[in-house]
> 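One structure coming up, written as structure tokens, with questions to follow.
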Amino acid sequence: MKAVRFHEFGGPEVLKYEDVPDPQPRKDQVLVRVKACALNHLDLWVRKGLPGVKLPHINGSDIAGDIAEVGEYITGLTKGDRVLLAPMVYCGHCEFCVHGEQNMCRQFTVLGNGVDGGNCEFIAVPQINVIPIPSELTYDEAASVPLVFLTAWHMLVTLCQTKPGDMVLVLGGGSGVGSAAIQIAKLMGARVIATAGDENKLDQSRELGADYTINHYQQKISDEVKKITAKVGVDIVFEHVGQATFEESVRSLKPGGKLVTCGATTGSDAKVDLRVLFAKQLKFLGSYMGTMGELHAVLKHVFSGKLKPVVDKTFPLREARAAHKRLEKSQQFGKVVLNP
Ligand SMILES: [Zn+2]
């Protein structure tokens, strides 16, 4: 089959469109023909080099396609079914997994990170990862859902327990995870302030439901938050930008407010004034992906049309380098998708 692989870590130029051996599914696995695979910042980090990534490597965590082959031990799935794949990989028998907290498992990873992913034509996975999708959802839309909606759900619903009336500041509303966060915060009845880097992304953030927007290049985030909240500050800050915005994010919180973060796109060397942390009684929460149960919970809202996947642009798989560059330059609004 064709795949995009890299044999060394580096820039987009290391990505090679080439022939690789077809996967050989086990009797307890499902073989899926990949129709769409969405990019995440994780793909860029993996390409640049993360510990535990074996070379050559195939990227790609967010996968949608058709079932091509069903293993002998599998029941309930049929060849031809349209599906998306839960990206989580875990042991399934440790104390965390049996509690349903797969993202705490010591062996936890995602497709395309610790194991090969979906930047290819076929992938073999266990049945538990295979989730049928409704006919209204396109493959590109389905592939745009798992990682970002699961992550944003775990952060806002499970960890922050967002409730009606809360004011939520979403950093980078134009990113995949930001566009999911705006919609989930609104679904929970919160009011949303979204930041973005250009007018187009600010407009699109408002279309997704943001009540207020801030241009994070031209305006000082905490000053604008003060104006919008009559000096009170926000209940929740949804962070993933990291170093470039972290101090402004902390400054935007009201006393007792929660900051939840799932990433550090601009760098991880953030400063925190501990006096502010204890005197304002802030809560800092770290988040990594989510659980299988949470994925099914958020998918119900996607399948019913309440939460909408945001597809930015699609590229043929062989143009993976151009797709990586688009994400690297933050040119996208929503998800960049590859089509094998
Ligand atoms: Zn486990």
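All ligand and atom numbering here is 1-based and tracks the order in the structure. What you see below is based on every heavy atom in this structure, not just the backbone, and it leaves out hydrogens, waters and symmetry mates. Along the sequence shown, residues are numbered consecutively beginning with 1.
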> Flag the pair Glu328 and Lys325 as a salt bridge only when some basic side-chain nitrogen lies within less than 4.0 angstrom of an acidic carboxylate oxygen.
no
> So, using salt bridge (Lys or Arg N to Asp or Glu O under 4.0 Å) as the criterion, who are the partners of Lys79 when residues are at least two apart?
none
> With a 4.0 Å cut-off on N to O distance, would you call Arg47 and Glu8 a salt bridge?
no
> Indicate yes or no: does Lys254 engage Asp235 in a salt bridge with an N to O separation below 4.0 Å.
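Asp235 and Lys254: salt-bridged.
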> If you count every heavy atom of other residues, nucleotides or ligands that lies below 6.0 Å from His99 atom NE2, does the total exceed 12?
no
> If I only include protein atoms of type N, O or S, how many are less than 2.8 Å from the Zn ion (ligand 1)?
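Step by step: take the Zn ion (ligand 1), keep protein N, O, S below 2.8 Å, and you get 4.
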> Assess whether a salt bridge exists between Lys35 and Asp140, defined as any Lys/Arg side-chain N lying under 4.0 Å from an Asp/Glu carboxylate O.
no
